[in-house]
Structure formats: C-alpha cells, structure tokens
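Report on one structure; see the data block that follows.
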Amino acid sequence: MTLAQPHRDLPAPTRTLLLSGQNTEQKRAELLAYFHQTWEQYESLFTCLADSKAWFTKAIPLRHPLIFYFGHTATFYINKLMAGRLIDARLDDRIEAMMAIGVDEMSWDDLNDSHYDWPTIEEVREYRGRVKALVSDLIQTMPITLPISWESPAWVILMGIEHERIHLETSSVLIRQLPVEWVRPQAAWPACPMARHQREAVPANTLLPMPGGTVTLGKTDDTYGWDNEYGRQQVALQPFRASKMLVSNAEFLAFVEAGGYQDARWWDDEGWGWCQFAKAEMPTFWVGTPAMPDQLKLRLMCEEVTMPWDWPAEVNQLEAAAFCRWKADQTGMSVQLPCEAEWAQLREQVVGDQPDWERAPGNINLAYWASSSPVDLFAQGEFFDIVGNVWQWTTTPTNGFEGFKVHPLYDDFSTPTFDGKHSLIKGGSWISTGNEALKSARYAFRRHFFQHAGFRYVVSSHQETMALNPYESDAMVSQYLDFQYGPRYFGVDNYAESLVKLALNYTPARGDALDIGCATGRASFELARHFERVTGMDYSARFIDVALQLASGEDFRYLLPQEGDLVEYRQVRLKDFSLESELAQRIQFVQGDACNLKPQPGRYDLVLASNLIDRLRQPARFLRDITPMLRQGGILLLSSPYTWLEDFTPKENWLGGVRENGEALTTLQALQRLLAADFDLVDEPQDKPFVIRETARKFQHTLAQVTVWRKR
C-alpha cells in the first residue's frame with residue numbers, strides 16, 4: 001500500500017522540547033512557541049463540536065461533559081502555578097474550583113451522577129484567553145536556567161503543556177463517543193482515506209521471533225517526563241514471538257463471529273462482569289450488528305465510515321485479553337498481550353525518538369491523519385506500528401520503578417494508579433503528541449477504559465502479576481512503616497538499626513535470634529545480616545502480612561498524614577536498604593502472643609524485645625516464659641520508654657511506675673528483681689531516642705531505656 005503524504009490542513013506537529021541547551025533566551029522562545037502551538041491545537045479540536053448538547057452532555061456516564069475539559073487544562077496552569085508560588089492570585093475562583101479535578105472512574109459501573117452548574121462556552125473561552133495571556137507573560141519574564149529541572153518554573157509550564165496534550169487525546173475519545181449528529185468533520189482533522197473494505201483483502205497476521213534477554217526500563221532522554229517514567233527496572237525475558245501487525249478489524253471479527261462475547265471461558269471475572277454489564281457484542285466503535293458484518297461501519301471521531309477491515313481493532317484491555325485467550329485455545333499456543341518489557345524490546349526496532357524525527361515513522365504525533373490507518377502501512381523494522389496508529393494494551397499494571405519519587409506539585413498523577421487496576425498502554429496513537437509520543441512514555445488506564453487503543457499479541461511464557469497493591473491507609477501500619485523504614489527525623493538514628501548494632505556488641509554466638517514485637521519487620525531484616533536464622537513475631541497479623549510482603553521482594557506503599565486531608569505517598573523496598581532477598585530467606589515471620597509463647601527451650605542466642613513490655617497485658621509472664629528459650633550465655637535485650645497505660649496493661653500487672661509499700665518502684669528496679677535469678681545485667685542501662693512522625697509538623701520524640709541481660 002502506498003504511503004500518502006500528510007494532509008496539508010492537519011495542524012503541524014511540534015517536537016517535544018529538550019530540557020538542555022546553551023542559550024536560555026532561545027529556550028524561552030521554544031517554550032513560548034510550544035505553549036502557543038499546544039493551546040491552539042487543543043482549541044482547534046473543539047471546533048469539531050456542532051451542537052451545544054455536545055458541550056454539556058456527558059459522552060459517557062463515567063466522565064464529565066466536554067465543557068469541563070475545555071476549561072480544565074487552563075485551570076490546571078493556574079492551580080499548579082499557585083501551588084508552586086509562581087503567581088499570587090487566582091483569575092476565577094469558581095471556574096478554578098469546578099474544573100480542577102477530573103474523573104478516574106473506579107469501575108465500569110461506578111457512575112458519576114453529579115450535577116454541576118457549568119459556566120457557558122463563552123465564559124470558559126474568555127477565561128482561557130486570560131490564562132493564555134498570563135502564562136505567555138510568565139514565560140517571557142520568569143527566570144530560566146538550563147537544563148530545566150523539576151524545581152524550575154519552566155517545569156511547571158511544561159507540566160501544563162504536556163497535561164493539555166494528554167487531554168487533547170482523551171477529549172478526542174469523548175468526541176468519538178458523542179452522537180455523530182452532534183459533531184462535524186473538520187478539514188484540520190482529516191480521516192485516513194486508505195482502507196480495504198473487503199475482508200479477504202486484508203493481509204494475514206504472522207508471528208516473528210524476538211530474542212528476549214535483559215531489558216532495562218526507565219527514562220534517560222532529555223525531555224519532560226512524568227514521575228512514573230523515572231527510575232530504573234531490569235526485566236529478564238525469555239525469547240518470545242510477537243505479531244507482525246496490530247490485530248485488525250478483520251482478524252478480530254473472527255473472535256466476534258465465534259461467539260467470543262457470549263462465552264465466559266475467554267474472560268476473567270472483571271472482563272465478564274464488564275461484558276455482561278455493557279451488554280457488549282462487538283467493539284464499541286463498530287456500528288451495526290455483528291450478524292451482518294458486511295454492513296458494519298466504524299465510528300471515527302466525527303463521522304461513520306464503511307468498515308475499514310485493515311485498520312486496527314480498537315478495544316479495551318478486557319476485550320483484548322479475551323481475544324488472546326480465545327486465540328490460545330484455537331492455536332494451542334500461549335497467546336497473550338505483551339508485557340511492558342516485551343514492547344520495549346520491540347521498540348528498539350524503531351530508530352530515534354520524537355524530538356529527533358524529521359518525519360514521524362508511523363501514524364503518530366498528528367503527522368498524517370486524525371484517524372487510524374491500515375495495519376500494514378508503516379513498516380518499522382520487521383514489524384508494523386510498533387509506535388503509532390493506536391495505543392497497544394499490555395499485561396503490565398502500572399507501577400513506579402526503583403527510585404520512583406512523586407513530584408510535589410502533582411502528587412496524584414501516578415500514585416492513585418498504582419493499585420493493580422490500571423494497565424499500561426504503549427506506543428501512542430495517531431493523536432499522541434508531546435510526551436505521549438516518546439519512547440519513555442508510560443500511561444495507564446483502567447482495563448475497561450476506551451482510548452484510541454488496540455493491541456498486538458505475543459506467544460510468551462512471561463507472566464506479569466496483576467495483584468492489587470493500593471497505598472496502605474491504615475494509620476498504625478503507615479506510622480510503623482515510616483518509623484522503621486522512613487527517613488531520619490531531627491538527626492535521630494533509625495531505632496531498629498541502632499538496637500541491632502547494640503545487640504551485636506554482646507552476641508558472639510549468632511545462630512538464632514527472636515525479634516518479638518517485630519511490627520513491620522525492620523529489626524528482623526537487620527538481624528538477618530548477622531544471624532543464621534531469625535524469627536520475627538508480632539501479635540498483629542496485619543503487621544506480619546506487611547513484613548511478609550516486603551520479604552517476598554514486593555514494594556509496599558503507604559500514606560502519611562501531612563495536614564488535614566493532605567497526605568504524602570511513600571514506598572518501601574528492601575533493596576533501598578541493601579537488604580537482598582537471600583537475607584529475607586533467613587527470616588520466619590509469624591503471628592504470636594508474647595504472653596502465650598510456645599515453649600522452645602534453649603533455642604535463641606538473642607531475644608530482642610523492642611518497645612514491648614509496656615504494651616503487654618502480662619509482662620512478668622512474658623519474662624518468665626522467654627527465659628528458658630534463651631541458651632546459656634544468650635542475650636535478652638529490652639528497650640522501652642516505660643509508658644505504662646491501663647489501655648494495654650492492667651495496673652496490677654505494671655512492672656514499675658508505681659509505689660510499693662509507699663516507696664517508688666521503677667521499671668528498672670522491677671526488672672532487676674524479676675531477672676536476677678537467671679540473668680546478669682551486662683552493662684549500664686542507656687537511653688536510646690526514637691522519633692515517630694504523626695503529621696508533617698507533629699512528632700513523638702521519645703527516650704527508651706535499653707537494658708542488656710546475659711543468661712547464666
């Protein structure tokens with residue numbers, strides 16, 4: 001098929017801005033031009049709306065109407081500039097509040113029934129004009145240093161530009177989902193004129209081999225990136241095979257005609273639930289009835305056309321995965337969607353990246369048309385459409401790479417999607433511009449979501465986990481994770497680390513150690529560096545679950561209160577503490593009651609009881625029961641701030657902090673009395689400070705007394 005020239009009326013694509021350079025004023029001019037081109041291109045998209053109902057009626061119940069998105073990208077600039085203290089006054093409180101937050105629907109049946117008193121089109125258009133003038137002036141006057149970094153005012157402007165380019169695409173999908181009579185084709189947004197309308201004329205898809213090997217993921221180019229793109233991750237791939245082309249409408253029709261939408265065997269639970277709820281019988285952009293395939297049409301952004309059977313099938317991830325299961329059954333091969341790393345290896349066949357392209361190597365960056373195109377039109381290495389045409393669904397749930405950090409001015413861009421429910425799409429579509437058109441782009445949507453997205457399949461043994469992994473919001477778990485793995489506050493050493501270092505001074509024998517009251521396990525992991533076997537025990541099953549998840553090599557995310565309703569997003573990985581998985585293999589985490597211990601005579605060289613005794617209902621019983629579990633010469637290390645409270649320990653069971661026969665009895669005195677028959681106090685008691693964060697400005701700064709006892 002002969003490649004057509006770009007349509008002359010199509011908005012000229014602009015290359016993504018490089019962050020570095022030699023001339024700040026030249027970079028300022030580039031930034032201003034990039035801002036204006038993005039702004040005008042976005043407004044051009046809305047000329048496709050032909051009826052006021054198209055502005056104020058939801059295209060789908062799960063999303064706001066388009067009037068919201070018309071204003072949203074402008075309010076984003078103001079809200080971020082205010083947050084970054086780059087401006088000190090708002091332009092319109094009402095619009096900036098109403099149009100600040102979009103909708104990431106939780107499920108396909110989580111309908112958004114809210115009603116809003118939207119401003120008029122002209123009000124929003126006038127507001128956009130004021131924002132454009134403000135941002136233009138700011139670009140021309142703000143300080144710029146090169147290279148542009150996260151802390152630069154220019155980064156905030158780039159954030160607004162790339163955010164608007166995201167909504168250029170998502171708004172085009174919503175336009176595509178409006179009634180066709182409410183929209184109108186525009187010369188600036190032309191559909192591809194090439195198509196095969198006979199199914200028999202569509203070339204058959206084939207599989208081509210890929211070598212596998214180690215693939216390194218993570219952004220390294222000199223362009224703006226979203227926070228989830230940074231960091232590094234290596235993935236080991238077995239050799240696999242990948243489809244030469246994207247799955248075409250003709251190829252997908254075979255699944256439809258085989259009753260794929262009526263057969264639960266091909267769907268997972270989420271997919272079958274969506275299929276039943278949506279009453280789906282074929283891809284959502286197909287128009288007509290699957291019983292009469294020769295009369296089917298395809299809904300484009302602004303029109304319906306005779307079905308182009310050689311264009312890519314545009315489906316959600318649930319449909320794509322169902323097709324793969326069906327095809328696996330048909331062929332006897334392990335057909336599935338590619339993972340992110342497999343796509344990344346395919347991407348190596350495409351030379352260069354968007355900032356360097358003289359001409360786009362595929363139907364991407366608005367270089368050709370405002371629609372899909374034939375799946376065999378753009379050869380890229382041995383394959384077609386590795387980039388461009390439509391996004392490609394993967395099996396990979398989005399996540400942060402090692403080293404991931406949240407950008408403080410957009411702390412909810414990525415983190416809400418790190419829940420196992422958002423799958424990555426790769427490669428970009430015909431309307432993917434700016435950051436979206438880069439090799440390093442990482443965008444994810446819920447699996448029932450419709451984008452200009454299709455898929456290619458692979459025959460692969462790779463299994464990507466789809467586990468749900470939201471941010472932990474339980475206050476106690478989050479507080480302990482931060483206490484044990486978080487940053488140092490006020491220069492105070494990590495408490496678990498410091499206790500283990502102290503214990504090592506007294507433990508020449510390092511066979512078995514017990515970390516009792518281990519919470520989320522940091523001291524257990526530190527002990528595993530030095531002891532052959534470690535038992536981490538806690539009364540809380542929730543704490544033990546967290547420790548086990550960390551021990552398995554998974555990262556763990558948690559929320560910390562900042563102030564009021566504001567939170568910070570944090571993440572724990574053992575690798576961040578040079579704690580490798582082989583150390584975790586030395587640890588057995590168990591749930592247990594310190595006041596009801598199973599007898600294990602002479603087992604341990606060390607028992608570490610950190611901040612435990614003043615939280616037990618029967619602390620004396622614990623000391624009695626733990627004594628025979630230590631070997632001769634074994635060490636019992638107790639640390640506690642001695643904050644005796646009746647919420648935890650009946651007052652009659654307090655070891656100290658009371659008067660006995662009218663005389664003050666301290667906990668240390670009580671310990672000396674209780675342990676004297678079996679232990680020697682081997683050193684003077686010492687105080688160890690620790691800090692627990694409650695909010696960004698409220699901390700508990702505590703001194704625990706540490707005593708070290710050697711069993712005779």
**Q.** Stacked cation flag R128 on F70, 6.0 angstrom / 45 deg
**A.** yes
Q) Could you give the distance from CG (N205) to NZ (K244), rounded to the nearest 0.5 Å? A) 9.0 Å
Q: Evaluate the criterion ring pair (Phe, Tyr, Trp, His ring centres under 6.0 Å) for residue pair Y42 and Y69; output intermediate values, then yes/no.
A: CA-CA 10 Å; Y42 190 67; Y69 298 100; 9.0 Å; no
Q.
Using every non-hydrogen atom in the two residues, find where L237 and H462 come nearest and quote the distance to one decimal.
A. CD2-ND1, 3.8 Å
Q | Matching residue for F404 among F418, W226, F413, Y230 - test: ring pair (Phe, Tyr, Trp, His ring centres under 6.0 Å) | A | F418
(Q) With a 4.5 Å cut-off on side-chain heavy atoms, are L438 and P355 touching? (A) yes
Q.
Closer than 3.5 angstrom, by distance alone: can the side chain of R184 be matched with the main-chain N or O of L49 as a donor-acceptor pair?
A. yes
(Q) For F76 together with Y410, are the ring centres under 6.0 Å from each other? (A) yes
Q) If we ignore angles and hydrogens, is there a donor and acceptor under 3.5 Å between the side chains of N399 and Q233? A) no
Q | T223 backbone acceptor or donor facing D221 side chain under 3.5 Å | A | yes
Q. Can you check whether D227's main-chain N or O pairs, donor with acceptor, with K405's side chain at less than 3.5 Å?
A. no
Q: Answer yes or no: is there a donor N or O on one side and an acceptor on the other, between the side chain of W189 and the main chain of W369, under 3.5 Å?
A: no
Q. If you measure only the distance, is there a donor-acceptor pair under 3.5 Å linking the side chains of E96 and N79?
A. no
Q.
I'd like to know if the side chain of R28 and the backbone of I139 have a donor-acceptor N/O pair within less than 3.5 Å.
A. yes
Q | Heavy-atom side-chain proximity of R446 to K421 below 4.5 angstrom | A | yes
Q: Assess the side chains of E169 and W430: does a donor N or O sit below 3.5 Å from an acceptor N or O?
A: no
Q: Indicate whether any N or O donor in one side chain lies under 3.5 Å from an N or O acceptor in the other, for N389 and Y368.
A: no
**Q.** Test ring pair (Phe, Tyr, Trp, His ring centres under 6.0 Å) applied to W155 and Y224, step by step
**A.** CA-CA 8 Å; W155 192 273; Y224 175 90; 4.7 Å; yes
Q.
Does atom NZ (K297) have a neighbourhood of more than 12 heavy atoms from anything else shown, all under 6.0 Å?
A. no
Q. Are side-chain heavy atoms of D51 and E181 found at a separation under 4.5 Å?
A. no
Q.
Looking at T417 and S414, would you say the former's side chain and the latter's main chain have a donor-acceptor pair under 3.5 Å?
A. yes
Q: Ignoring hydrogens and angles, state whether a donor on the side chain of H452 or R176 is under 3.5 Å from an acceptor on the partner side chain.
A: yes
Q: Using atom types as modelled and distance alone, determine if a side-chain donor or acceptor of S423 lies under 3.5 Å from a backbone N or O of P397.
A: no
Q.
Quick one, M307 and H197 - any side-chain contact, counting heavy atoms below 4.5 Å?
A. no
Q) Between H64 and H72, do the side chains contain an N or O donor and an N or O acceptor separated by less than 3.5 Å? A) no
Q) Would a distance-only check, ignoring hydrogens and angles, find a side-chain to backbone donor-acceptor pair under 3.5 Å from S248 to E251? A) yes
Q: Spell out, as yes or no, whether a donor-acceptor pair under 3.5 Å connects the side chain of W343 to the backbone of I386.
A: yes
Q: Output yes when a side-chain donor or acceptor of R232 lies under 3.5 Å from a complementary backbone atom of F401, and no otherwise.
A: no
